[in-house]
Amino acid sequence: MITDPRVFDDEHIPRELVHRHTELEKLARALDPGWDGAGVDDVLIAGPSGVGKTVLAKHYLTRATNATSLQWAYVACLGETTGTILREALRGLDDTHVPPNTPVDDVRRGLAGVVDDHAVIILDEADDLPEKDVLDQFAGIAGLSLIVVCHDRERWTSRLDDQHQTRFRSVIQPDRYSVDELTDILRPRARQGLEPNAVGIGELREIADGSAGVARRGIQALRAAAELAAERGHGSIQEEDVEDCFDRARKRIRASNLASLPFHHQVLYEIIRTEGNPSGHELHRRYDEYAHSIYDGQPLTPISKRSRRTKLAKLQDYGLVERDESGSNVYYSAADPEISSAVRLPMIHK
DNA sequence: TATCCACCGGAATTTATGGAAG
DNA sequence: CTTCCATAAATTCCGGTGGATA
């Protein structure tokens, strides 16, 4: 059924970006110095998750690179520090090893030295980055422009201090797709990634309809539907496969988020999931109670309450854990209790 | 109203890591 | 090899918040 799984990867850049022509044009106008002679700008791309902000930036740059060998680098900023972001940018442009303890100033000088004429850095998931620091560091480098990708435009611009207010004059705000548009996005994926006639236009439309205008959801749902059809021995995607595909797609996205987190986070997540709906107090008590055996044989040791709070905050950022503050206590719960971590816990008796 | 309690999260401080210099 | 240094992660300290209780 699925002939080319890469087509459904989040990182996959389609040959052609459908229904994003105006956005691509804006990007070109801002970043191409020859476009109208006004020089290059920094760009802000803001909008909801999964509508193709990152793909938009990457698509433009891969295409522009083929033509003019423009230097560019991609940096995922979520949860990263100024140092990590700068090093990752340098590594991306120069393809050299950058030790983790390289002084920030050295990294900045390295960046300045490596930029030939014009280079672009994509700062993805930039909502919470320590932007005062990061922008200051990038600011002085000639020939370097930024594409900042974030969710909330208002929040981003309001957090900028005065000297950065004049940057990011080019703002691109991709919106959610209509059902028709999303169908157009799914069609080439089905053609490239699935057997011929694996999915009818009716089913494709239903998948688009159930994805709330979010391209990532639609693409993962299409993939899940194809998997379900194959498992059920259907020759092509059937109505029942479409019905069940959204659930599987959602679970897969969350499970891969969870798997990407370090051990401490997963331990906390598993305690919350198996406990059901623990209060903060119960959660910490369980942790203290079982930490010894959980971390037995691990290179890591249990962490303090304060550190657990930081991990819990991250779990919330990732949408894996929800916190309910009713009364004087807080309660934690797994957003989707069916998603389990690879971390095994000893039996917990209530 | 005053006080207690549990928790949050910022800031300062310590520890761990790993590359560079001597 | 040892020492030194910068960063990131973890810990310690602590003021602030908001509901519960007397």
Side-chain angles (χ1 to χ4, degrees), chain A residues 73 75-114 121 123-138 140 155 158-159 161 258-272 275-292 294-335 341 343:
Chain A
V75 184
C77 302
L78 184 64
E80 301 300 332
T81 63
T82 304
T84 348
I85 291 167
L86 285 167
R87 280 199 301 277
E88 193 58 33
L90 179 56
R91 200 173 299 137
L93 288 183
D94 202 26
D95 199 26
T96 52
H97 177 65
V98 186
N101 59 342
T102 320
V104 193
D105 276 356
D106 290 4
V107 181
R108 206 196 58 244
R109 274 192 289 275
L111 276 168
V114 110
I121 307 284
L123 298 179
D124 200 4
E125 305 166 68
D127 290 83
D128 296 308
L129 63 72
E131 80 281 340
K132 167 108 179 59
D133 255 23
V134 176
L135 294 188
D136 282 351
Q137 297 293 339
F138 281 125
R155 215 169 78 88
S158 70
R159 286 176 49 179
D161 38 338
L258 177 60
S260 73
L261 290 170
F263 187 76
H264 298 308
H265 297 80
Q266 305 206 27
V267 170
L268 287 163
Y269 176 83
E270 277 300 290
I271 293 177
I272 291 167
E275 279 290 310
N277 191 26
S279 67
H281 179 71
E282 285 166 337
L283 170 61
H284 287 304
R285 196 165 48 79
R286 288 292 178 202
Y287 189 96
D288 291 331
E289 194 174 344
Y290 289 100
H292 181 70
I294 295 172
Y295 283 82
D296 188 44
Q298 283 284 330
L300 303 164
T301 49
I303 53 176
S304 70
K305 278 192 186 181
R306 179 64 187 90
S307 302
R308 288 172 222 166
R309 274 183 232 137
T310 354
K311 312 292 178 203
L312 287 164
K314 186 152 187 169
L315 283 167
Q316 287 170 72
D317 286 346
Y318 274 63
L320 292 161
V321 161
E322 281 157 12
R323 194 164 89 197
D324 177 23
E325 294 180 47
S326 55
S328 61
N329 285 334
V330 290
Y331 292 90
Y332 295 95
S333 59
S341 153
V343 172

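Order of the sequence lines sets the chain letters (A, B, ...), proteins ahead of strands, with each chain counted from 1.
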Does H264(A) make a side-chain N or O approach to OP1 or OP2 of dA9(C) shorter than 4.0 Å?
no

Testing dA9(C), dT12(C), dG19(B) for proximity to the side chain of T81(A), the answer is dA9(C)

Which listed nucleotide (dA8(C), dT12(C), dC8(B)) is nearest to the side chain of S304(A)?
dT12(C)

Choose from dT7(C), dG19(B), dC8(B) the nucleotide whose nearest atom is closest to any side-chain atom of R87(A).
dT7(C)

Is any NZ, NE, NH1 or NH2 atom of the basic residue among R285(A) and D288(A) found under 4.0 Å from an Asp or Glu carboxylate oxygen of the other?
no

H97(A) NE2 to dG18(B) P: how many Å, rounded?
11 Å

Assert: residue with more 5' nearest nucleotide on DNA chain B, out of R323(A) and P100(A), is R323(A)

Under-4.0 Å salt bridge between D317(A) and K314(A):
no

Counting side-chain heavy atoms from C-beta on, which of dT7(C), dA8(C), dC7(B) comes nearest to T84(A)?
dA8(C)

Could you grab the distance from atom CZ of R308(A) to atom CG of L283(A), nearest 0.5 Å is fine?
7.5 Å

How far does OG of S333(A) sit from CG of L320(A), to the nearest 0.5 angstrom?
11.5 Å

Length of the CG-C1' vector between L315(A) and dG9(B), whole Å:
17 Å

Between dG10(B) and R309(A), counting only base atoms on the nucleotide and side-chain atoms on the residue, is there a donor-acceptor pair under 3.5 Å?
no

Taking 4.0 Å as the cut-off, does a side-chain nitrogen or oxygen of K305(A) come that near to OP1 or OP2 on dT12(C)?
no

How close or far is atom P of dG19(C) from atom NE2 of H281(A), stated in whole angstroms?
21 Å

So what does H284(A) hit on the nucleic acid, given a heavy-atom distance under 4.0 Å: a base, only sugar-phosphate, or nothing?
nothing

Nearest whole Å is fine: how far is dT11(C) C1' from L300(A) CG?
16 Å

Please work out if P302(A) contacts a base, only the sugar-phosphate, or nothing of the nucleic acid, heavy-atom cut-off 4.0 Å.
sugar-phosphate

Within this structure, what is the OH-to-P distance between Y287(A) and dA10(C), rounded to whole angstrom?
10 Å

Could you state the atom-to-atom distance from CZ of R91(A) to P of dG19(B) in whole Å?
12 Å

Heavy atoms, side chains only, cut-off 4.5 Å: are Y269(A) and V343(A) in contact?
no

Can you check the R306(A) CZ to dC7(B) P distance for me, whole Å?
14 Å

Rounded to the Å, how far apart are R308(A) CZ and dA9(C) C1'?
16 Å

Answer yes or no: does a side-chain N or O of Y332(A) lie under 4.0 Å from OP1 or OP2 of dC8(B)?
yes

